[in-house]
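In what follows, a single structure is set out as structure tokens and then discussed.
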Amino acid sequence: MLPAHHRLVDSDAFRVTVRSGHRSGAQTLVVHLDRSEPDAPVRAGFVVSKAVGNAVVRNRVKRRLRHLTREHLPSLQGLSGSAVLVVRALPASATASYAELGADLDRCLSRVMS
RNA sequence: UGGGCUGGCCGGGCGACCGCGUUCCCCUCACGGGGGGACCGAGGAAGGUCCGGGCUCCACAGGGCAGGGUGAUGGUUAACAGCCAUCCGGGGCAACCCGCGGGACAGUGCCACAGAAAACAGACCGCCUCUCCCCACGGGGAGCGGCAAGGGUGAAACGGUGGUGCAAGAGACCACCAGUGCGCCGGGCGACCGGCGCAGCUAGGUAAACCCCACCCGGAGCAAGAUCGAGCAGUGUGUGACCGAGGGCGGCCCGCCCGAGCGCACGGGUAGAUCGCUCGAGGGGGCCGGCAACGGCUCCCCUAGAUGGAUGGUCGCCCCGCCUCACGGCGGACAGAACCCGGCCUACAGGCCAGCCCAUUCG
RNA sequence: GGGGGUGUGGCGCAGCUGGUAGCGCGUCUCGUUCGCAUCGAGAAGGCCAGGGGUUCGAGUCCCCUCACCUCCA
């Protein structure tokens, strides 16, 4: 689990980020990043829908994404404004390996942060 | 050796590094927190939510009707629609498997098509005695009656087969068989089974149709419930205050109790924290009772408690399967706790153990 | 954690108290037209989600399972 102040919890924040943030997609996932808010800690949330698979598959995808995202927290903290990140998993993420997920996340984040 | 039936069990192991959650300990601190260490950390189905119970609340006198559930017998249990044993019916050569398996003389309904007739007896074709008429002497027709053997329909036609009998026939009578009711004897706790005798000769099916009978069932659910904290704003309208609204009460009624507010529309506010939360009808070993389900005694063990929700990633050795001469490569099911427990059902790579049956070969 | 519902030709739907499964659109063939659309005539297409049971007989009644939709807290 991420530390409490890095977690994105309420559904309104999810909605705002997905609607108005910068977006970049890949085979296995879509990244939304919103930096409109003033200074605050980086917050990240994950969306893994039922289309991805059953509970075991969804949990595994969520855990992998969470650990991958942890690596990027310092660089996100360096940006101006409060970074709110939402990572949405696509059905292809169910069969992707940990390395493939990491590559997709890296590519999307770098595109969204520039 | 081949085929099959039943029951039980496991469901990868060891280790290294980087991370996560609860609890505990230590250090630090600007009291918001930060850092380090130790233990423990998903399942046989955690799943579906089909049943049952614990627990919590509803300030729970009670009674009747309605409603729902169960449905062979005996046992087991906290309880069950589960389980065990047995009985009956059906299937299989057998081991064994399957069955919502009470009542159709309490009443009502339904049984399409076909068929004369579908539930209470009757008679379409038909068979027969007698009377009359016609006659081409083979027979034909009409009528009063008797009969239900034969015909065909159907899932099902009022016992079956053979005989006696008769004008023709018929349980009208006889023998055997099937089946019903009653009585007696024997076995079993019982469902029921076996035997003997008598009666009457014969009774359709359907209650997973309404229903009747016996037994059982108060409602809601851990978002239950308890505590702390934050925040807001009312307005309109209807109805009522001993001629009593509304509530306990969940479908209705009687009855008892509380009782001054309550319903509708629009508008406004909150959705934080702690407890409940894991030691329990708990798990394992041994002994005893019981055919068994299960129960008793004793010893040992403590084994997840998250709250956007903790188990992930990388690698080595071993194990199993597939490919390959080999080196080596690929793969290892179904599936993730959310108050707890007992069952049922469903999903599942592969493997292990035990007992039994049939066929065949040899002795 | 509770409740309700749906599953029937390729698609959207009927099928009430059990008795030979229908309708519209679509598909195919023929006709009409110079040709197409329209129109007219005809035809094919269904083990009623799956399994088991009750009954002489089940889409319908009963039980179990699967998938999906939906409501309340």
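Hydrogens, waters and symmetry mates are skipped; everything else that's a heavy atom, side chains included, is used. So you know, we letter chains A, B, ... as the sequences are listed, proteins then strands, and number each from 1.
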Length of the CG-C1' vector between A:N59 and B:rA306, whole Å: 12 Å

Let me know the distance between CG of A:L65 and P of B:rC20, rounded to the nearest Å. 17 Å

Counting heavy atoms from C-beta on, name the nucleotide in B:rG19, B:rU314, B:rA42 closest to the side chain of A:Y98. B:rU314

Considering non-hydrogen atoms only, spot the tightest contact between A:A94 and A:V61 and give its length. CA-CG2, 4.3 Å

What is the distance, to the nearest angstrom, from the CZ atom on A:R58 to the C1' atom on B:rG308? 13 Å

Going by a 90° cut-off around 0, is C:rG53 syn or anti? anti

Do you know which two heavy atoms are closest between A:D104 and A:Q27, and how far apart they sit? OD2-N, 4.0 Å

Shortest non-hydrogen contact from A:A26 toward A:R107: CB-NH2, 4.2 Å

Using whole Å, report how far CG of A:D106 lies from P of B:rG313. 17 Å

Separation of atom CZ in A:R60 from atom P in B:rG309, rounded to whole Å: 18 Å

Report yes if at least one side-chain N or O of A:R63 is closer than 4.0 Å to OP1 or OP2 of B:rU311; otherwise report no. yes

Is B:rU324 syn or anti, taking syn as a glycosidic angle within 90° of 0? anti

Grab the two heavy atoms, one from A:V48 and one from A:K62, that are nearest each other, plus how far apart they are. CG2-CG, 4.1 Å

Mind calculating the distance between CG (A:L68) and C1' (B:rG313) to the nearest angstrom? 9 Å

Both distances below 3.5 Å, Watson-Crick or wobble geometry, any strand: find the nucleotide opposite C:rG57. none

Atom P, compared across B:rU360 and B:rA209: separation rounded to whole Å: 49 Å

Using the P atom as the reference point in each nucleotide, state the distance between B:rC341 and B:rU278 in Å, no decimals. 14 Å

Which heavy atom in A:V31 sits nearest to a heavy atom in A:C108, and how many Å separate them? CG2-CB, 3.7 Å

For B:rG63 versus B:rG290, give the span between their P atoms, rounded off to a whole number of Å. 45 Å

Does B:rA226 fall in syn (glycosidic angle within 90° of 0) or anti? anti

Sorted by position of nearest nucleotide on RNA chain B, 5' first, the leading residue of A:V47 and A:S97 is A:V47

Could you check C:rU55 for me: syn (within 90° of 0) or anti? syn

Euclidean distance, atom CZ of residue A:F46 to atom P of B:rG312 [Å, nearest integer]: 16 Å

Of all the heavy-atom pairs spanning A:H67 and A:Y98, show the shortest one and how long it is. CB-OH, 4.1 Å

What is the base-pairing partner of B:rA265, counting Watson-Crick and G-U wobble geometry with both distances under 3.5 Å? B:rU235

Could you state whether A:L68 and A:V112 fall into the same hydrophobic cluster, counting links through intermediate Ile, Leu, Val, Met, Phe, Trp or Tyr residues with side-chain heavy atoms under 4.5 angstrom apart? yes

Do the side-chain N or O atoms of A:R66 get closer than 4.0 angstrom to the phosphate oxygens (OP1, OP2) of B:rG313? no

For B:rC55, the nucleotide meeting Watson-Crick or G-U wobble distances (both under 3.5 Å) is B:rG221

Mind checking who B:rG43 pairs with, Watson-Crick or G-U wobble, both distances under 3.5 Å? B:rC334

Strictly by Watson-Crick or wobble contacts shorter than 3.5 Å, is anything paired with B:rC211, and which nucleotide is it? B:rG103

A:H67, nearest nucleotide to its side chain (from B:rA335, B:rG312, B:rG309): B:rG312

With a 3.5 angstrom cut-off on both distances, give the Watson-Crick or G-U wobble partner of B:rG194, or none if there isn't one. B:rC185

Check the chi torsion on B:rU360 and let me know: syn if it falls within 90° of 0, anti if not. anti

Could you work out the separation of B:rG308 and B:rG15 based on their C1' atoms and round it to a whole Å? 35 Å

In whole Å, what is the span from the NZ atom of A:K62 to the P atom of B:rG336? 12 Å

So what's B:rC362 paired with, Watson-Crick or G-U wobble, going by both distances under 3.5 Å? none

Taking the C1' atom of each, how far is B:rU270 from B:rA230, in whole Å? 8 Å

Checking N1-N3 plus N6-O4 or O6-N4 for Watson-Crick, or N1-O2 and O6-N3 for wobble, each under 3.5 Å, the partner of B:rC315 is B:rG15

Side-chain N,O (A:R64) to OP1/OP2 (B:rG313) below 4.0 Å: yes

